[in-house]
Amino acid sequence: MSESENKGILRFLGICAVLCILIFLIIWYAPSIFKAKPTTVEYNGFHFEKVGALWYTQWQNGPYVYNVPLRYNPEEVQDVKIIGELSDKFNDPEKIYVTFDPNQNDTLKWVALAKGELIWSLIGPLQKNATDACSASSAECEGFPIVDCSNTDKSVIYLVPAKTSKVIAEGTCVVIEGSEIELTKSVDRFLYQWYGIMK
Amino acid sequence: MIYNPEFDDKNDIFSTREFLCKLLPSLSKFELVSVNLNDLVRDYFKIHPEKDTVEYRLDPRIQQMIIDKLYPVLDNVCVYGGWMENRKDLWKGTYMDKDSRYVHLGIDLMADAESSAHSPLSGIVEDIFIDKDVDVGWGGRIILRPFDDKLPLLVLGHLEPKIFPFLGNTVKPGDFLGKIGKPPTNGNVFEHIHLQAISREFAEEIDFNYGMLDGYGVAGDIKLARNNPDPLSFSWH
């Protein structure tokens with residue numbers, strides 16, 4: 001066998017080895033690369049299904065079974081901490097004011113998204129008398145009550161864009177914090193607690 | 001308060017799309033987009049303040065034109081929405097001014113007149129009403145009582161007032177109910193179907209006198225959402 005034939009065989013074997021390694025890597029990693037995200041989740045006896053962008057579960061209040069849509073499932077919001085406690089006064093209000101600072105223009109769209117999700121659950125399945133409010137006056141807030149956590153005679157939920165996601169409950173006020181879409185994550189954590197789905 | 005994690009085949013979680021397409025099969029080829037109708041109208045008259053007169057604003061052809069402007073922007077879509085929406089800009093100048101009765105109690109689903117509406121549920125035709133009022137009236141209206149008592153009653157409004165199922169008839173999902181009406185006989189509003197859920201307790205409270213049923217309520221009334229839950233929050237079957 002000539003030297004050139006030897007080189008040819010070695011090259012062929014080298015290519016085969018590389019191909020084998022590539023095939024092995026594809027077989028090994030493909031499932032994790034192409035693994036579909038789960039579309040159902042079971043949590044604390046509740047079944048969740050993803051439809052479009054939202055997670056749905058069913059929740060009964062009185063005689064009716066509601067389909068509750070939230071952006072995150074309970075497993076996704078477990079890392080959002082709830083700190084503090086609410087007074088009993090919070091649970092028996094004439095109204096719950098959902099408030100935000102209208103002067104933080106760059107974060108308003110995230111606040112609007114979180115507020116929409118929160119108010120739908122409050123006035124829908126949870127059957128609370130929730131109302132829009134603002135923490136300061138502005139053109140957008142014309143006609144809305146000005147309320148914040150200093151109004152201790154009122155039940156208040158204050159949505160605050162902040163770097164860390166958390167829920168702080170104190171007296172008659174709940175401050176829900178999060179950055180951009182994470183604000184909705186904190187809202188969902190709070191709602192799961194209220195629905196009794198999470199402890 | 002009872003938590004019910006139980007499921008059965010009849011009570012699967014559904015999407016908004018599935019429910020609305022069951023009701024109006026002609027929508028199945030469109031994407032569904034939720035829109036705040038009041039904001040749409042308010043923004044239109046902000047740009048065209050010279051046109052902001054009661055006659056112009058309440059003309060169903062103008063309302064239709066404002067809605068239709070969305071379609072070239074949002075390609076291949078069907079527009080719906082409006083539960084608990086305060087429509088003070090849309091209906092300024094109507095009977096609703098009297099007590100600020102601007103809160104919309106159901107959802108509106110935009111669809112062309114003559115589109116067929118089908119039952120999304122198994123139940124009984126509890127009430128049929130032909131409202132000739134042209135000051136935001138009901139037009140043709142049907143109320144369905146689902147067999148499943150975990151569901152509220154479902155009101156379908158602004159239908160063509162000539163075609164109806166029989167009162168007391170049993171319907172099942174997919175059964176033909178009627179057609180989307182057009183102004184003025186649909187209550188003299190833009191072409192759409194109004195879907196409103198009413199709780200069984202509320203139906204009893206008004207002694208089943210559906211003549212007094214309104215599609216709008218007074219802002220701040222705590223009972224509004226309780227008596228009229230979001231129709232999209234139920235698995236109609």
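Note on naming: letters A, B, ... go to the chains in the order of the sequence lines (proteins, then strands), and numbering restarts at 1 for each one. Given the structure is predicted, the values throughout are model-derived calculations rather than measurements.
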In plain terms, say whether B:Asp108 and B:Arg87 are close enough for a salt bridge, that is, a side-chain N and a carboxylate O under 4.0 Å apart. yes
Please determine whether a side-chain nitrogen of the Lys or Arg among B:Asp52 and B:Arg57 lies less than 4.0 Å from a carboxylate oxygen of the Asp or Glu. yes
Just checking heavy atoms, which of residues 108-124 of chain A are less than 4.5 Å from chain B? A:Trp120, A:Ile123, A:Gly124
Please classify the contact between B:Asp149 and chain A as side chain, backbone, both or neither, with a heavy-atom cut-off of under 4.5 Å. backbone
Interface moiety of B:Pro229 toward chain A, non-hydrogen atoms closer than 4.5 Å: side chain
Quick one: which of B:Met84, B:Lys223, B:Glu201 has the most heavy-atom pairs under 4.5 Å with chain A, could you say? B:Glu201
With a 3.5 Å distance limit and no angle check, can you tell me whether B:Arg42 reaches the backbone of B:Asp89 through a side-chain donor-acceptor pair? no
Under 3.5 Å, is there a donor-acceptor pair between the side chain of B:Asp214 and the main chain of B:Tyr216? yes
Cation over ring, A:Lys185 on A:Tyr72, under 6.0 Å and within 45°? yes
Mind telling me whether A:Tyr66 and B:Phe234 have parallel, tilted or perpendicular rings, with 30° and 60° as the class edges? tilted
Only pairs under 3.5 Å count here: list side-chain donor-acceptor contacts from residues 172-181 of chain A, not counting sequence neighbours, and write none if there are none.
unit_1   : atom_1 : unit_2   : atom_2 : d
A:Thr172 : OG1    : A:Thr152 : O      : 3.3
A:Thr172 : OG1    : A:Lys154 : O      : 3.0
A:Glu177 : OE1    : A:Lys166 : NZ     : 3.2

